[in-house]
Amino acid sequence: DGGITQSPKYLFRKEGQNVTLSCEQNLNHDAMYWYRQDPGQGLRLIYYSQIVNDFQKGDIAEGYSVSREKKESFPLTVTSAQKNPTAFYLCASSVTFRQETQYFGPGTRLLVL
Amino acid sequence: KNEVEQSPQNLTAQEGEFITINCSYSVGISALHWLQQHPGGGIVSLFMLSSGKKKHGRLIATINIQEKHSSLHITASHPRDSAVYICAVVRGSARQLTFGSGTQLTVLP
């Protein structure tokens with residue numbers, strides 16, 4: 001079945017550690033996105049990629065990094081520079097960057113201990 | 001003030017009731033999405049609107065571009081409709097999404 005997968009579902013991190021969240025899609029979509037969701041707030045865009053080997057900062061990119069070496073993969077690294085990383089992280093994709101319908105993955109909940 | 005405001009933040013209804021969730025926005029948009037987030041966190045797209053009204057099963061979405069307002073209606077609500085409903089607008093040449101904070105709907109049997 002086509003879709004977006006994220007792993008792991010839950011992730012625990014010690015302070016000072018970097019962690020990488022996985023996002024894979026087999027929809028052949030060009031564009032991929034990472035969002036952060038905090039309680040009581042709307043989703044906020046961290047990074048996006050319009051096409052393979054390209055990515056751009058979103059609204060809250062500080063403390064995060066991404067790569068887009070393959071079309072189907074868009075991993076997000078939460079670095080130790082991110083001061084408040086505990087949140088729910090959602091990955092999404094769309095056919096093209098200007099295609100308005102985005103398809104979301106199931107999300108990864110990150111908890112810093 | 002947030003660019004996208006949803007009301008109410010929380011809504012509890014009895015099974016069978018007609019439900020309305022509202023979304024107001026303060027910026028120019030090209031389209032508006034209604035999304036459903038299940039308790040496990042996964043999000044599905046319900047509607048994308050740029051004008052008028054759309055219907056899918058028991059769900060109806062309307063948008064009034066002049067008033068910068070959209071509503072999501074659920075007829076004959078059911079406990080399985082319990083979820084967070086999120087409004088998101090498409091704005092600017094970058095066509096990025098700006099999200100509301102969501103409405104938590106609980107439908108009691």
Side-chain angles (χ1 to χ4, degrees), chain A residues 1-11 21 23 25 27 29-50 54-61 87-111, chain B residues 1-11 21-51 54 56 61 63 70 72 83-104:
Chain A
D1 287 352
I4 301 177
T5 57
Q6 290 184 242
S7 61
K9 190 177 175 74
Y10 297 95
L11 185 58
L21 282 59
C23 177
Q25 53 97 1
L27 300 168
H29 286 175
D30 280 333
M32 297 186 74
Y33 314 81
W34 273 106
Y35 294 97
R36 171 183 170 136
Q37 187 178 36
D38 294 283
Q41 295 190 42
L43 278 70
R44 292 182 289 168
L45 182 64
I46 304 172
Y47 267 98
Y48 63 95
S49 169
Q50 298 186 42
D54 167 82
F55 52 83
Q56 306 291 334
K57 292 182 179 180
D59 299 322
I60 55 164
F88 188 60
Y89 292 87
L90 283 155
C91 178
S93 70
S94 59
V95 174
T96 65
F97 181 64
R98 294 191 179 274
Q99 178 72 22
E100 292 169 350
T101 298
Q102 294 185 16
Y103 297 83
F104 286 84
T108 292
R109 194 166 297 279
L110 174 63
L111 180 63
Chain B
K1 188 179 188 302
N2 292 337
E3 293 173 333
V4 181
E5 296 274 1
Q6 287 187 236
S7 62
Q9 284 189 310
N10 294 282
L11 180 57
I21 299 170
N22 296 299
C23 176
S24 297
Y25 51 92
S26 57
V27 294
I29 69 169
S30 58
L32 181 144
H33 291 264
W34 280 102
L35 310 168
Q36 181 190 54
Q37 185 170 30
H38 293 284
I43 291 178
V44 296
S45 178
L46 298 175
F47 295 104
M48 185 179 73
L49 292 164
S50 54
S51 65
K54 286 190 176 180
H56 185 257
I63 188 168
S70 176
L72 176 68
V84 176
Y85 292 84
I86 300 171
C87 167
V89 301
V90 183
R91 53 172 302 198
S93 57
R95 304 181 85 75
Q96 290 186 24
L97 294 178
T98 301
F99 295 82
S101 58
T103 294
Q104 173 69 63

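None of these values were measured; they are calculated from a predicted model. These values consider heavy atoms only, across backbone and side chains, with no hydrogens, waters or symmetry-generated copies. Protein chains get the first letters and strands the later ones, always in sequence-line order, with residue 1 at the start of each.
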Beyond-backbone contact of B/L35 with A/F104, side-chain heavy atoms, under 4.5 angstrom: yes
Where B/S101 and A/G40 come nearest, the two heavy atoms and their spacing: CB-O, 3.3 Å
Derivation and outcome, side chain to side chain contact (heavy atoms under 4.5 Å, CB included), residues B/Q37 and A/L90: CA-CA 11 Å; B/Q37 185 170 30; A/L90 283 155; 4.1 Å; yes
Part of A/L45 lying under 4.5 Å from any heavy atom of chain B: side chain
CD/B/Q9: more than 12 non-hydrogen atoms of other groups inside 6.0 Å: no
Contacting moiety of B/I86, where chain A heavy atoms sit under 4.5 Å: side chain
Heavy-atom proximity to chain B below 4.5 Å, by part of A/Q37: side chain
Other residues, nucleotides, ligands: >12 heavy atoms within 6.0 Å of A/F88 CZ: yes
Side chain to side chain contact (heavy atoms under 4.5 Å, CB included) between B/I43 and A/L43, intermediate numbers included: CA-CA 11 Å; B/I43 291 178; A/L43 278 70; 4.0 Å; yes
Engaged part of A/Y35 at the chain B interface, taking heavy atoms whose separation is under 4.5 Å: side chain
